[in-house]
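Owing to the predicted nature of the structure, the values given are computational and were not obtained by experimental measurement. One-based numbering, in listed order, for ligands and for the atoms of each.
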Amino acid sequence: MIIPASAHPLVAHATGSSRLVRALLGERPEQTPVWFMRQAGRSLPEYRALRSQGSMLDACLTPELASEITLQPVRRHGVDAAIFFSDIIVPLALIGIDVEIEAGRGPVFSSPLATPADIARAVEIDPALVRERGGSIARAVELTTGLLAEESEARGEPLPLIGFAGAPFTLAAYLVEGGPSKDHLAARRLIHEDPAAWAALTEWLSRVTGEFLALQVSAGASAAQLFDSWAGALRPEDYRAAVLPSSAASFDAVRALDIPAEAGIDHLPLVHFGVGTGEILADMASIGVDALGVDYRIPLDEATRRVGNELTLQGNLDPALLFAPAEVRDGVIHEILEAGRAARAHVFNLGHGVPMQADPGAISSVVRTVHDWRAS
Ligand SMILES: Cc1c2[nH]c(c1CCC(=O)O)Cc1[nH]c(c(CCC(=O)O)c1C)Cc1[nH]c(c(CCC(=O)O)c1C)Cc1[nH]c(c(C)c1CCC(=O)O)C2
(Lines give C-alpha, C1' and ligand atoms only; values in the text may rest on other atoms or scores of the structure.)
Protein backbone atom coordinates (compact mmCIF):
# COMPACT_ATOMS: atom_id res chain seq x y z
CA MET A 1 0.00 0.00 0.00
CA ILE A 2 1.28 3.48 -0.83
CA ILE A 3 0.99 6.28 1.69
CA PRO A 4 -0.05 9.43 -0.18
CA ALA A 5 3.14 11.46 0.16
CA SER A 6 1.40 14.78 0.72
CA ALA A 7 -0.80 13.40 3.51
CA HIS A 8 1.73 11.65 5.68
CA PRO A 9 2.83 13.84 8.61
CA LEU A 10 6.38 12.58 8.25
CA VAL A 11 6.33 14.90 5.25
CA ALA A 12 3.40 17.25 5.77
CA HIS A 13 4.36 18.18 9.36
CA ALA A 14 8.08 17.34 9.14
CA THR A 15 7.80 14.84 11.97
CA GLY A 16 10.60 12.86 10.30
CA SER A 17 12.85 15.58 11.70
CA SER A 18 11.25 15.54 15.17
CA ARG A 19 13.46 14.83 18.18
CA LEU A 20 11.58 11.62 18.90
CA VAL A 21 11.90 10.11 15.43
CA ARG A 22 15.55 11.14 15.17
CA ALA A 23 16.41 9.63 18.55
CA LEU A 24 14.52 6.41 17.80
CA LEU A 25 16.55 6.12 14.60
CA GLY A 26 19.84 6.63 16.42
CA GLU A 27 20.60 10.35 16.66
CA ARG A 28 21.20 12.30 19.84
CA PRO A 29 19.25 15.56 19.58
CA GLU A 30 20.37 18.46 21.80
CA GLN A 31 17.52 17.76 24.22
CA THR A 32 16.65 14.17 25.12
CA PRO A 33 13.08 13.53 23.92
CA VAL A 34 10.57 12.46 26.56
CA TRP A 35 7.06 11.01 26.55
CA PHE A 36 5.21 8.73 28.97
CA MET A 37 3.38 5.48 28.55
CA ARG A 38 -0.23 6.12 29.67
CA GLN A 39 0.36 9.86 29.56
CA ALA A 40 -3.25 10.25 28.37
CA GLY A 41 -5.55 9.06 31.09
CA ARG A 42 -6.82 9.22 34.57
CA SER A 43 -3.96 11.16 36.13
CA LEU A 44 -5.37 14.21 34.30
CA PRO A 45 -8.45 16.06 35.61
CA GLU A 46 -9.19 17.23 32.04
CA TYR A 47 -9.29 13.55 31.00
CA ARG A 48 -11.69 12.65 33.81
CA ALA A 49 -13.91 15.57 32.77
CA LEU A 50 -14.08 14.38 29.15
CA ARG A 51 -14.52 10.74 30.15
CA SER A 52 -17.30 11.32 32.71
CA GLN A 53 -19.83 9.75 30.33
CA GLY A 54 -19.67 6.70 28.11
CA SER A 55 -17.43 3.66 28.16
CA MET A 56 -13.69 3.55 27.56
CA LEU A 57 -14.27 1.72 24.27
CA ASP A 58 -16.81 4.32 23.13
CA ALA A 59 -14.21 7.00 23.82
CA CYS A 60 -11.63 5.08 21.74
CA LEU A 61 -14.08 4.81 18.83
CA THR A 62 -15.22 8.46 18.90
CA PRO A 63 -12.64 10.36 16.80
CA GLU A 64 -13.21 13.83 18.31
CA LEU A 65 -12.89 12.45 21.83
CA ALA A 66 -9.92 10.18 21.17
CA SER A 67 -7.97 12.93 19.41
CA GLU A 68 -8.69 15.51 22.10
CA ILE A 69 -7.64 13.09 24.87
CA THR A 70 -4.46 12.28 22.91
CA LEU A 71 -3.53 15.98 22.88
CA GLN A 72 -4.23 16.69 26.57
CA PRO A 73 -0.85 15.53 27.95
CA VAL A 74 1.03 17.14 25.03
CA ARG A 75 -0.44 20.54 25.87
CA ARG A 76 -0.13 20.17 29.63
CA HIS A 77 3.28 18.52 30.05
CA GLY A 78 5.18 19.67 26.97
CA VAL A 79 6.20 16.12 26.06
CA ASP A 80 7.91 15.54 22.71
CA ALA A 81 5.29 13.16 21.28
CA ALA A 82 1.69 12.08 21.59
CA ILE A 83 0.71 8.45 21.99
CA PHE A 84 -2.59 7.63 20.37
CA PHE A 85 -5.44 7.29 22.87
CA SER A 86 -6.74 3.79 22.28
CA ASP A 87 -6.25 0.34 23.77
CA ILE A 88 -4.58 -2.92 22.83
CA ILE A 89 -7.98 -4.65 22.61
CA VAL A 90 -9.51 -2.14 20.17
CA PRO A 91 -8.64 -4.23 17.05
CA LEU A 92 -10.34 -7.23 18.66
CA ALA A 93 -13.46 -5.14 19.29
CA LEU A 94 -13.36 -3.90 15.68
CA ILE A 95 -13.49 -7.45 14.30
CA GLY A 96 -16.48 -8.35 16.45
CA ILE A 97 -15.03 -9.95 19.57
CA ASP A 98 -17.15 -9.01 22.59
CA VAL A 99 -14.87 -7.15 25.01
CA GLU A 100 -15.28 -4.33 27.51
CA ILE A 101 -12.70 -2.38 29.49
CA GLU A 102 -13.72 -2.38 33.13
CA ALA A 103 -12.54 0.65 35.09
CA GLY A 104 -9.86 -0.34 37.58
CA ARG A 105 -9.64 -3.86 36.15
CA GLY A 106 -8.86 -3.89 32.44
CA PRO A 107 -10.12 -5.85 29.40
CA VAL A 108 -12.86 -8.42 30.07
CA PHE A 109 -14.16 -10.86 27.41
CA SER A 110 -17.68 -12.31 27.54
CA SER A 111 -16.48 -15.52 25.84
CA PRO A 112 -12.87 -16.37 26.71
CA LEU A 113 -11.00 -18.55 24.21
CA ALA A 114 -11.07 -21.42 26.69
CA THR A 115 -10.98 -24.46 24.39
CA PRO A 116 -9.21 -25.45 21.15
CA ALA A 117 -12.61 -25.15 19.42
CA ASP A 118 -12.97 -21.54 20.66
CA ILE A 119 -9.53 -20.75 19.26
CA ALA A 120 -10.27 -22.49 15.95
CA ARG A 121 -13.42 -20.35 15.56
CA ALA A 122 -11.68 -17.08 16.44
CA VAL A 123 -8.81 -17.54 13.98
CA GLU A 124 -11.36 -17.88 11.16
CA ILE A 125 -12.07 -14.14 11.48
CA ASP A 126 -10.26 -12.24 8.73
CA PRO A 127 -7.69 -9.79 10.22
CA ALA A 128 -8.25 -7.49 7.21
CA LEU A 129 -11.52 -6.51 8.93
CA VAL A 130 -9.46 -4.35 11.31
CA ARG A 131 -8.62 -1.96 8.48
CA GLU A 132 -12.01 -2.34 6.77
CA ARG A 133 -13.90 -1.45 9.95
CA GLY A 134 -11.29 0.92 11.34
CA GLY A 135 -12.65 4.12 9.82
CA SER A 136 -13.13 5.77 13.21
CA ILE A 137 -9.54 4.98 14.17
CA ALA A 138 -8.17 6.38 10.90
CA ARG A 139 -10.31 9.49 11.39
CA ALA A 140 -9.11 9.88 14.99
CA VAL A 141 -5.47 9.64 13.85
CA GLU A 142 -6.09 12.24 11.13
CA LEU A 143 -7.74 14.64 13.58
CA THR A 144 -4.89 14.05 16.02
CA THR A 145 -2.12 14.85 13.54
CA GLY A 146 -4.03 18.01 12.59
CA LEU A 147 -4.19 19.10 16.24
CA LEU A 148 -0.52 18.16 16.69
CA ALA A 149 0.37 20.35 13.72
CA GLU A 150 -1.24 23.32 15.48
CA GLU A 151 0.60 22.51 18.69
CA SER A 152 3.88 22.08 16.78
CA GLU A 153 3.38 25.51 15.25
CA ALA A 154 2.93 27.05 18.69
CA ARG A 155 6.03 25.28 20.02
CA GLY A 156 8.22 25.66 16.97
CA GLU A 157 9.06 21.95 17.12
CA PRO A 158 7.54 19.09 15.12
CA LEU A 159 5.43 16.79 17.31
CA PRO A 160 4.90 13.21 16.11
CA LEU A 161 2.16 10.74 16.96
CA ILE A 162 3.15 7.29 18.23
CA GLY A 163 0.86 4.46 17.15
CA PHE A 164 0.79 1.25 19.17
CA ALA A 165 -0.61 -2.23 19.49
CA GLY A 166 -0.48 -5.14 21.92
CA ALA A 167 1.86 -8.04 21.14
CA PRO A 168 0.31 -11.49 20.56
CA PHE A 169 1.36 -12.90 23.95
CA THR A 170 -0.10 -10.01 25.95
CA LEU A 171 -3.32 -10.09 23.92
CA ALA A 172 -3.53 -13.88 24.28
CA ALA A 173 -3.01 -13.54 28.04
CA TYR A 174 -6.32 -11.62 28.21
CA LEU A 175 -8.19 -13.59 25.54
CA VAL A 176 -7.46 -17.06 26.90
CA GLU A 177 -8.03 -16.08 30.54
CA GLY A 178 -11.09 -13.96 29.70
CA GLY A 179 -9.72 -11.00 31.66
CA PRO A 180 -6.74 -9.71 33.63
CA SER A 181 -4.73 -12.19 35.70
CA LYS A 182 -1.64 -11.97 37.90
CA ASP A 183 0.42 -14.81 36.48
CA HIS A 184 -1.09 -15.30 32.98
CA LEU A 185 -1.21 -19.01 33.70
CA ALA A 186 -3.95 -19.80 31.17
CA ALA A 187 -1.77 -18.56 28.30
CA ARG A 188 1.49 -19.99 29.67
CA ARG A 189 -0.21 -23.32 30.14
CA LEU A 190 -1.65 -23.41 26.61
CA ILE A 191 1.87 -23.05 25.16
CA HIS A 192 2.68 -26.49 26.57
CA GLU A 193 -0.73 -28.14 26.62
CA ASP A 194 -1.66 -27.47 23.01
CA PRO A 195 1.26 -26.02 21.05
CA ALA A 196 -0.66 -26.20 17.76
CA ALA A 197 -3.60 -24.16 19.10
CA TRP A 198 -1.13 -21.70 20.65
CA ALA A 199 0.72 -21.30 17.35
CA ALA A 200 -2.54 -20.77 15.44
CA LEU A 201 -3.77 -18.20 17.96
CA THR A 202 -0.57 -16.16 18.11
CA GLU A 203 -0.02 -16.25 14.36
CA TRP A 204 -3.56 -14.88 13.90
CA LEU A 205 -3.04 -12.26 16.62
CA SER A 206 0.15 -11.09 14.91
CA ARG A 207 -1.93 -10.31 11.81
CA VAL A 208 -4.73 -8.64 13.79
CA THR A 209 -2.30 -6.44 15.70
CA GLY A 210 -0.23 -5.80 12.55
CA GLU A 211 -3.36 -4.52 10.82
CA PHE A 212 -4.02 -2.19 13.76
CA LEU A 213 -0.49 -0.76 13.56
CA ALA A 214 -0.72 -0.35 9.78
CA LEU A 215 -4.10 1.39 10.16
CA GLN A 216 -2.58 3.99 12.48
CA VAL A 217 0.59 4.47 10.43
CA SER A 218 -1.31 4.76 7.14
CA ALA A 219 -3.48 7.45 8.75
CA GLY A 220 -0.49 9.40 10.02
CA ALA A 221 1.37 7.94 13.01
CA SER A 222 5.13 8.58 12.78
CA ALA A 223 6.38 5.69 14.96
CA ALA A 224 4.94 2.38 16.19
CA GLN A 225 5.35 0.68 19.57
CA LEU A 226 4.49 -2.94 20.28
CA PHE A 227 3.49 -3.48 23.93
CA ASP A 228 4.29 -6.96 25.20
CA SER A 229 3.57 -5.89 28.75
CA TRP A 230 3.39 -9.39 30.20
CA ALA A 231 6.25 -11.09 28.31
CA GLY A 232 8.34 -10.96 31.48
CA ALA A 233 6.14 -13.74 32.92
CA LEU A 234 7.65 -16.27 30.50
CA ARG A 235 10.56 -18.68 30.76
CA PRO A 236 13.18 -17.33 28.30
CA GLU A 237 13.16 -20.61 26.34
CA ASP A 238 9.39 -20.40 25.91
CA TYR A 239 9.59 -16.72 25.01
CA ARG A 240 12.08 -17.46 22.23
CA ALA A 241 10.31 -20.50 20.82
CA ALA A 242 6.61 -19.74 21.30
CA VAL A 243 6.26 -15.95 21.47
CA LEU A 244 9.04 -14.05 19.71
CA PRO A 245 8.17 -15.23 16.15
CA SER A 246 4.64 -13.83 16.36
CA SER A 247 5.89 -10.57 17.91
CA ALA A 248 8.32 -10.18 15.01
CA ALA A 249 5.53 -10.86 12.52
CA SER A 250 3.38 -8.14 14.14
CA PHE A 251 5.57 -5.55 12.41
CA ASP A 252 5.23 -7.09 8.92
CA ALA A 253 2.27 -4.98 7.82
CA VAL A 254 3.98 -1.74 8.90
CA ARG A 255 7.24 -2.71 7.22
CA ALA A 256 5.26 -3.25 4.00
CA LEU A 257 4.08 0.38 3.93
CA ASP A 258 6.03 2.79 1.74
CA ILE A 259 7.65 5.78 3.39
CA PRO A 260 7.70 8.85 1.14
CA ALA A 261 11.27 9.73 0.12
CA GLU A 262 10.70 13.38 1.13
CA ALA A 263 10.36 12.25 4.76
CA GLY A 264 14.14 12.01 4.90
CA ILE A 265 14.11 8.67 6.72
CA ASP A 266 14.29 5.26 5.11
CA HIS A 267 11.86 3.49 7.42
CA LEU A 268 9.35 4.15 10.16
CA PRO A 269 10.81 3.75 13.67
CA LEU A 270 9.66 0.64 15.54
CA VAL A 271 9.77 0.18 19.33
CA HIS A 272 9.39 -3.05 21.34
CA PHE A 273 8.47 -2.87 25.05
CA GLY A 274 7.76 -5.26 27.91
CA VAL A 275 7.80 -5.32 31.72
CA GLY A 276 10.21 -7.46 33.77
CA THR A 277 12.01 -8.50 30.59
CA GLY A 278 15.65 -8.27 31.75
CA GLU A 279 16.37 -11.91 30.94
CA ILE A 280 14.89 -11.68 27.43
CA LEU A 281 16.03 -8.19 26.50
CA ALA A 282 18.52 -9.36 23.85
CA ASP A 283 15.81 -11.54 22.29
CA MET A 284 13.37 -8.64 22.22
CA ALA A 285 16.05 -6.55 20.51
CA SER A 286 16.70 -9.22 17.88
CA ILE A 287 13.64 -8.66 15.67
CA GLY A 288 14.90 -5.66 13.74
CA VAL A 289 13.37 -2.90 15.88
CA ASP A 290 14.93 0.55 16.20
CA ALA A 291 14.36 0.96 19.92
CA LEU A 292 13.75 -1.12 22.98
CA GLY A 293 11.59 -0.02 25.90
CA VAL A 294 13.22 -0.99 29.19
CA ASP A 295 11.40 -1.15 32.50
CA TYR A 296 12.81 0.27 35.75
CA ARG A 297 14.34 -2.98 37.04
CA ILE A 298 17.45 -2.68 34.85
CA PRO A 299 19.73 0.36 34.59
CA LEU A 300 20.10 1.51 30.98
CA ASP A 301 23.89 0.93 30.93
CA GLU A 302 23.30 -2.68 31.97
CA ALA A 303 20.56 -2.97 29.33
CA THR A 304 23.09 -1.73 26.74
CA ARG A 305 25.55 -4.42 27.87
CA ARG A 306 22.82 -6.98 27.24
CA VAL A 307 21.61 -5.76 23.84
CA GLY A 308 24.61 -3.89 22.40
CA ASN A 309 24.49 -0.28 21.24
CA GLU A 310 23.00 -0.79 17.81
CA LEU A 311 19.58 0.36 18.97
CA THR A 312 18.03 3.17 20.95
CA LEU A 313 16.83 2.60 24.51
CA GLN A 314 13.62 4.05 25.89
CA GLY A 315 12.94 4.37 29.60
CA ASN A 316 13.07 3.94 32.51
CA LEU A 317 11.98 5.95 35.57
CA ASP A 318 10.14 3.88 38.16
CA PRO A 319 6.60 5.37 38.21
CA ALA A 320 6.83 5.28 42.04
CA LEU A 321 9.38 8.12 41.81
CA LEU A 322 6.54 10.40 40.66
CA PHE A 323 5.54 10.37 44.32
CA ALA A 324 9.03 11.22 45.66
CA PRO A 325 10.22 14.70 46.68
CA ALA A 326 11.38 16.63 43.60
CA GLU A 327 15.10 16.59 44.59
CA VAL A 328 15.07 12.82 45.02
CA ARG A 329 13.26 12.32 41.72
CA ASP A 330 15.58 14.69 39.86
CA GLY A 331 18.58 12.76 41.21
CA VAL A 332 17.22 9.51 39.80
CA ILE A 333 16.33 11.18 36.47
CA HIS A 334 19.93 12.38 36.17
CA GLU A 335 21.24 8.88 36.90
CA ILE A 336 18.99 7.49 34.16
CA LEU A 337 20.13 10.14 31.67
CA GLU A 338 23.78 9.35 32.49
CA ALA A 339 23.21 5.59 32.18
CA GLY A 340 21.38 6.21 28.89
CA ARG A 341 24.59 7.62 27.39
CA ALA A 342 25.84 4.05 27.00
CA ALA A 343 23.16 3.41 24.38
CA ARG A 344 23.41 4.77 20.83
CA ALA A 345 20.52 7.13 21.67
CA HIS A 346 17.95 7.56 24.46
CA VAL A 347 14.28 8.45 24.67
CA PHE A 348 13.23 9.21 28.24
CA ASN A 349 10.08 7.49 29.53
CA LEU A 350 8.79 5.76 32.62
CA GLY A 351 9.54 2.08 33.15
CA HIS A 352 5.78 1.41 32.87
CA GLY A 353 2.60 3.48 32.61
CA VAL A 354 1.69 6.63 34.56
CA PRO A 355 -0.29 5.53 37.66
CA MET A 356 -3.73 7.12 37.93
CA GLN A 357 -2.88 8.65 41.33
CA ALA A 358 0.15 10.53 40.01
CA ASP A 359 0.24 14.30 40.46
CA PRO A 360 0.20 15.93 37.00
CA GLY A 361 2.60 18.57 38.34
CA ALA A 362 5.18 15.88 39.07
CA ILE A 363 4.85 14.54 35.52
CA SER A 364 5.39 18.01 34.04
CA SER A 365 8.43 18.50 36.26
CA VAL A 366 10.01 15.31 34.88
CA VAL A 367 9.73 16.80 31.37
CA ARG A 368 11.48 20.00 32.50
CA THR A 369 14.28 18.11 34.26
CA VAL A 370 14.91 15.93 31.20
CA HIS A 371 14.89 18.88 28.81
CA ASP A 372 17.21 20.93 31.03
CA TRP A 373 19.84 18.16 31.15
CA ARG A 374 22.85 18.33 28.88
CA ALA A 375 25.39 15.54 28.50
CA SER A 376 28.62 16.99 29.95
C1 LIG B 1 -1.89 -4.18 29.07
C2 LIG B 1 -2.41 -2.97 28.33
C3 LIG B 1 -3.79 -2.59 28.21
N4 LIG B 1 -3.81 -1.43 27.46
C5 LIG B 1 -2.53 -1.05 27.12
C6 LIG B 1 -1.65 -2.04 27.62
C7 LIG B 1 -0.17 -2.05 27.40
C8 LIG B 1 0.53 -1.07 28.26
C9 LIG B 1 0.63 -1.42 29.71
O10 LIG B 1 1.25 -2.43 30.03
O11 LIG B 1 0.10 -0.65 30.51
C12 LIG B 1 -2.09 0.08 26.30
C13 LIG B 1 -2.77 1.37 26.46
N14 LIG B 1 -3.98 1.66 27.04
C15 LIG B 1 -4.24 2.98 26.95
C16 LIG B 1 -3.20 3.58 26.21
C17 LIG B 1 -3.32 5.04 25.77
C18 LIG B 1 -2.24 5.82 25.44
C19 LIG B 1 -1.35 6.25 26.57
O20 LIG B 1 -0.37 5.50 26.85
O21 LIG B 1 -1.55 7.34 27.10
C22 LIG B 1 -2.25 2.59 25.93
C23 LIG B 1 -0.92 2.70 25.22
C24 LIG B 1 -5.42 3.69 27.45
C25 LIG B 1 -6.12 3.13 28.63
N26 LIG B 1 -6.43 1.82 28.87
C27 LIG B 1 -7.14 1.74 30.04
C28 LIG B 1 -7.30 3.03 30.57
C29 LIG B 1 -8.08 3.37 31.82
C30 LIG B 1 -9.54 3.37 31.44
C31 LIG B 1 -10.34 4.42 32.14
O32 LIG B 1 -10.13 5.62 31.90
O33 LIG B 1 -11.23 4.02 32.89
C34 LIG B 1 -6.67 3.92 29.69
C35 LIG B 1 -6.61 5.41 29.78
C36 LIG B 1 -7.70 0.48 30.59
C37 LIG B 1 -6.82 -0.70 30.56
N38 LIG B 1 -6.47 -1.37 29.41
C39 LIG B 1 -5.61 -2.40 29.74
C40 LIG B 1 -5.41 -2.38 31.15
C41 LIG B 1 -4.57 -3.37 31.92
C42 LIG B 1 -6.16 -1.32 31.64
C43 LIG B 1 -6.15 -0.81 33.07
C44 LIG B 1 -7.37 -1.00 33.85
C45 LIG B 1 -7.53 0.19 34.79
O46 LIG B 1 -6.60 0.49 35.53
O47 LIG B 1 -8.59 0.79 34.71
C48 LIG B 1 -4.99 -3.27 28.74
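- Judged purely by distance below 3.5 Å, without hydrogens or angles, the side chains of S365 and R329 pair a donor atom with an acceptor atom.
- For atom 7 (C) of ligand 1, the nearest protein heavy atom (residue, atom name, distance) is S229 OG, 3.2 Å.
- Interface atoms of ligand 1 facing R51, defined by a heavy-atom separation under 4.0 Å, are 31 (C), 32 (O), 33 (O).
- The protein heavy atom nearest to atom 20 (O) of ligand 1 is R38 N, 2.5 Å.
- From the protein, the heavy atom lying nearest to atom 38 (N) of ligand 1 is D87 OD1, 2.8 Å.
- Judged by the shortest distance from any of its heavy atoms, H352 lies inside the 4.0 Å radius around the atoms of ligand 1.
- Contact atoms of ligand 1 toward G104: 45 (C), 46 (O), 47 (O) (distance under 4.0 Å to a heavy atom of the residue).
- Those atoms of ligand 1 with a heavy atom of I83 less than 4.0 angstrom away are 18 (C), 19 (C), 20 (O), 21 (O), 23 (C).
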**Report entry** Intermediate values then yes/no, side-chain contact (heavy atoms from CB on, under 4.5 Å), E157 and S18
**Finding:** CA-CA 7 Å; E157 185 74 42; S18 64; 5.9 Å; no

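- Ranking the protein heavy atoms by distance from atom 46 (O) of ligand 1 puts R42 NH2, 2.7 Å first.
- Residue-ligand proximity: Y174 is placed with a non-hydrogen atom under 4.0 Å from ligand 1.
- Residue contacts with ligand 1 do not include G353, since none of its heavy atoms lies under 4.0 Å from the ligand.
- Scanning the protein heavy atoms around atom 24 (C) of ligand 1, the nearest turns out to be S86 O, 3.2 Å.
- Per-residue contacts place F84 under 4.0 angstrom from the following atoms of ligand 1 (heavy atoms of the residue considered): 17 (C), 18 (C).
- Remark: ligand 1 atoms within the under-4.0 Å shell around heavy atoms of M37 are 20 (O).
- Taking the six-membered ring for Trp, F273 and F164 have ring centres at least 6.0 Å apart.
- The shortest separation from a heavy atom of P107 to ligand 1 is under 4.0 Å, placing the residue in contact.
- The shortest N or O to N or O distance between A40 and ligand 1 is below 3.5 Å.
- By the 3.5 Å distance cut-off applied to N or O atoms, T170 is not counted among the residues near ligand 1.
- The protein atom (non-hydrogen) at minimum distance from atom 25 (C) of ligand 1 is M56 CE, 3.2 Å.
- A side-chain donor from one of D118 and T115 sits under 3.5 Å from a side-chain acceptor of the other.
- When only modelled atom types and interatomic distance are considered, D372 and T369 share no side-chain donor-acceptor pair under 3.5 Å.
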